[in-house]
Amino acid sequence: ANSLRGLYHLMPIESFHLIFHALHRGMAYIILLMVYVTSWRVITNRNCPELLKSTFFILTLIVSVQLMLGIATVASIRSPWVASLHVLGG
């Protein structure tokens, strides 16, 4: 895979990159699961105020968009526009 990276003027992949990428992806899945479960519990709770439900719904949308941008960053071979939007999202 490193031989093809030269075509795109990218640095060679080292083991640190793989570890960091796996940790980044793993934490993203953990955060995604936590947000989805918490949002589901808040939104389906009849005793929660509507403002709280709306806030968690928006949070779920933001996290979902961030996930899609992360996937698009990898799929687009780190397109500067897509990667910048992903980094801007936190």
Side-chain angles (χ1 to χ4, degrees):
N2 276 336
S3 60
L4 294 176
R5 292 179 64 80
L7 297 173
Y8 296 102
H9 307 291
L10 299 172
M11 300 288 293
I13 296 174
E14 297 180 18
S15 60
F16 170 79
H17 296 116
L18 297 174
I19 293 168
F20 187 78
H21 180 75
L23 288 173
H24 180 88
R25 189 176 284 189
M27 287 303 297
Y29 288 134
I30 290 169
I31 291 169
L32 179 73
L33 181 64
M34 288 171 46
V35 168
Y36 280 7
V37 168
T38 305
S39 293
W40 177 258
R41 293 188 70 180
V42 168
I43 291 170
T44 58
N45 186 338
R46 294 181 186 187
N47 297 325
C48 283
E50 289 301 316
L51 180 61
L52 186 62
K53 291 181 181 184
S54 300
T55 303
F56 270 91
F57 180 75
I58 292 169
L59 175 65
T60 303
L61 289 177
I62 290 170
V63 170
S64 298
V65 168
Q66 182 68 359
L67 173 74
M68 289 185 274
L69 285 170
I71 293 169
T73 299
V74 174
S76 69
I77 312 173
R78 292 188 344 197
S79 163
W81 288 104
V82 178
S84 296
L85 287 173
H86 180 62
V87 170
L88 181 67

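Annotation for H86 and T73: closest pair CB-OG1, 3.6 Å, computed over non-hydrogen atoms. Contact detail for R25 and V74: the closest heavy-atom pair is NH2-CG2, 4.2 Å.
Distance check, rounded to the nearest 0.5 Å: CD1 of I43 to CG of L52 gives 9.0 Å. Within the model, atoms CD1 of I31 and CG of L67 stand 11.0 Å from one another, a figure rounded to the nearest 0.5 Å. To the nearest 0.5 angstrom, T38 atom OG1 is 6.0 Å from F56 atom CZ. In this structure, S76 OG and I71 CD1 are separated by 12.0 Å, a value rounded to the nearest 0.5 Å. Taking CG from L32 and CD from Q66, the interatomic distance works out to 11.0 Å, rounded to the nearest 0.5 Å. Once rounded to the nearest 0.5 Å, the distance linking CE of M34 with CE of M27 reads 8.0 Å.
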- Item | side-chain contact (heavy atoms from CB on, under 4.5 Å) between H21 and H24, worked out | CA-CA 5 Å; H21 180 75; H24 180 88; 5.6 Å; no
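L59 and Y36 end up in the same hydrophobic cluster when Ile, Leu, Val, Met, Phe, Trp and Tyr side chains are linked at under 4.5 Å.
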